[in-house]
Amino acid sequence: MNLLDEVRSLFRPALVAMSVDPAKIDDYVAMVKPAANADHGDYQANMSMALSKTLGKKPTDVAQAIIAALPANSLVDSATVAGPGFINIRLKTDWLVEQLQQIATDERLGVPTLASPKTFVIDYSGPNVAKPLHVGHLRSTIIGDSITRLLRFLGHTVISDNHLGDWGTQFGILLYGYKNLLDREAYEQNPVQELARLYKAVRILIKEAGGEDEEAIANPIAEKCRHETAKLHAGDEENLRLWNEFMPACLSELHSTYEKLGILTFNHELGESAYNPELPEIVAEQLAKGIAFDSQGAVVIPNAKGNIPQTKEELEKEDPPALIRKRDGAFTYTTTDLATVRHRVNVFHADVLLYVVDFRQSLHFKTLFAQAKRWGYTNVEFEHLSFGSVLGADGKPFGARKGAAPGLVELLEESLVLANKKYWESYKSRKEQGHDVPDLDETEISKIAENVGIGAVKYADLSQNRTSNYKFDPEKMLATDGNTSTYMQFAFARCRGIFRKANEPEERFRTNPPKVILGQPTERALALQLLRLPNALETAAAEYMPHHLTAYLWDVAKSYSSFNEQCPVLKAETPELRDSRLLLVDLTARVIHLTLDLLGIKTVERM
Ligand code: ARG
């Protein structure tokens with residue numbers, strides 16, 4: 001049950017009864033929101049101000065009229081006019097009690113399964129293999145993983161596909177390195193390590209021969225690397241054999257990073273190479289259909305507007321066209337992505353295609369989606385879920401400082417070491433101060449520190465509106481207070497601690513829940529938050545924005561903390577009250593656990 005929708009659904013008939021323009025009713029109904037200040041009630045509606053003009057009445061009169069027209073219902077306790085025409089709504093406490101009873105026995109904690117699920121294909125991570133994994137891919141991986149979990153939980157079919165960059169210039173670099181600089185013995189002992197060394201060594205040679213740009217025409221080493229790539233693409237036997245030899249090593253390295261990050265296994269990893277055989281035919285088809293055009297020996301597709309601007313003046317006003325075949329016959333990133341669209345729709349039967357990719361590729365996706373529609377894919381929804389940069393401590397994007405950018409693996413290691421150190425410190429100081437700290441051995445502590453460290457990295461990322469940039473700051477992300485994963489993990493462990501101390505099996509509270517008593521304001525506020533779970537999930541999914549989940553967790557954690565301060569659980573005055581509060585504690589733990597799980601973050605029973 002979506003609490004907000006329930007409240008909103010009362011306003012619809014009221015507005016209809018007042019002869020409000022039917023086309024605008026949805027917009028007005030959307031003006032019912034959770035109250036920002038609990039003193040004003042549980043929900044607030046502010047459409048009276050907007051309606052006053054069209055209805056020719058004072059806002060307060062409009063508000064009165066809306067309240068009078070609300071249909072009979074069992075959830076609203078009071079609706080009152082406040083200030084210039086706000087409607088403050090307070091829900092019936094008995095009704096909240098009933099709802100809590102229901103979600104307690106529900107494995108899904110009141111989150112409904114969808115009536116009409118869709119098939120999503122979600123494209124995320126997409127690193128360029130054979131290059132050291134870059135921190136920029138961290139965001140795509142973490143955000144994509146969370147969106148996948150969320151949409152699946154809501155009941156959609158979600159097919160995840162890792163569009164690996166496994167066919168690009170970086171292989172030319174490796175092939176050149178292998179042929180010229182290989183330390184055979186090192187390669188036989190540890191291929192990944194030796195390939196990484198070769199990659200770095202060749203990059204240095206390229207730099208020495210004329211700068212960082214591997215596409216530079218005048219750079220003799222870069223030229224040789226490009227030649228190796230071209231031979232690979234042309235089907236050169238030796239290069240293909242080597243590619244097949246390198247790939248398993250590169251992939252296993254990548255997968256071990258994914259494992260460390262604790263992300264879901266991909267359903268598919270159809271990299272760029274998988275589509276290579278289809279590319280000539282795709283270009284031919286688009287030319288034949290008259291949606292791609294010859295341009296001085298190359299083949300281009302129009303920009304999203306459907307134009308092919310050519311002159312400098314035209315290009316100042318509009319996006320450029322995109323190349324799908326270069327003059328030398330080479331295909332491009334765009335050609336491959338056209339092939340992915342076809343595959344995902346025809347073979348995976350996608351209703352929606354999601355691409356979790358850096359904002360720098362906005363133009364690429366804009367052009368791609370428009371072309372896919374011209375190609376005939378009109379019944380598919382396309383979404384580029386763009387995200388901002390990860391910034392270093394200096395506030396500059398990691399990617400902008402080529403060469404000096406730390407790899408993803410190094411950053412993760414750094415966070416883990418810090419998590420370990422911080423957790424030990426907090427553990428010892430809590431023990432010294434006589435807090436109720438569990439006796440944990442070394443392995444348990446490092447297990448906790450690992451969950452804390454990985455959780456911190458993910459939460460710091462996911463708690464940002466994904467379109468913003470954010471600073472990678474291990475100290476801040478590992479803070480034990482505030483809107484961080486550590487804080488949520490602590491709140492969860494605290495709930496579990498109460499149950500351990502109570503020596504109560506939580507099963508009783510899930511199969512035969514006691515009646516909740518919402519006598520204290522903090523109890524009621526916590527209850528209301530717990531009932532808002534479906535809302536948070538649905539909003540996050542509708543916008544593909546995981547930060548709605550962390551914002552919700554933060555609200556729950558704050559309510560829980562106030563509840564904890566004011567409402568003794570195990571020492572409650574009566575057994576009924578103790579039971580009631582234990583149920584709230586169990587529900588809090590379950591809500592935190594589920595929401596963190598949808599963010600890909602693990603909880604621990606004791607900390
Ligand atoms: N390999 C690309 C990069 O690192 C990302 C791939 C994104 N997915 C896609 N279908 N284009 O920039």
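Whatever order the structure lists them in is the order used to number ligands and atoms, beginning at 1.
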Look only at interatomic distance and state if [X] has a nitrogen or oxygen under 3.5 Å from any nitrogen or oxygen of ligand 1.
X: T340; answer: no
X: G126; answer: yes
X: R344; answer: no
X: Q361; answer: yes
X: H137; answer: yes

Exercise. What is the ring orientation for Y187 with F246, classed by angle as parallel under 30°, tilted 30 to 60°, or perpendicular over 60°?
Worked result: perpendicular
Exercise. Aromatic ring centroids of H593 and F492 under 6.0 Å?
Worked result: yes
Exercise. Do the numbers put R344 on top of the ring of Y377, so that NZ or CZ is under 6.0 Å from the six-membered ring centre and no more than 45° off the axis?
Worked result: no
Seminar exercise, completed: The residue among E194, Q193, E188 that forms side chain to side chain donor-acceptor pair (under 3.5 Å) with N190 is Q193
For this session: Specify the protein heavy atom at minimum distance from atom 8 (N) of ligand 1: its residue, its atom name, and the distance to 0.1 Å.
Result: D123 OD1, 3.1 Å
Problem set entry | Options Y124, Y355, W167, Y333, ranked by nearest heavy atom to atom 6 (C) of ligand 1, top entry | Y333
Problem set entry | Min side-chain heavy-atom separation P112-E538 under 4.5 Å | yes
Exercise. Quick one: does L338's side chain get under 4.5 Å of I324's, heavy atoms only?
Worked result: yes
For this session: Please assess F359 against F387 for the test ring-ring contact (aromatic ring centres under 6.0 Å, His included), listing each intermediate value before the final yes or no.
Result: CA-CA 5 Å; F359 75 100; F387 56 82; 8.3 Å; no
Exercise. Near F365, which atoms of ligand 1 are under 4.0 Å from a heavy atom of that residue?
Worked result: 11 (N)
Exercise. Which is it for D337 and ligand 1 at heavy atoms under 4.0 Å: side chain, backbone, both or neither?
Worked result: side chain
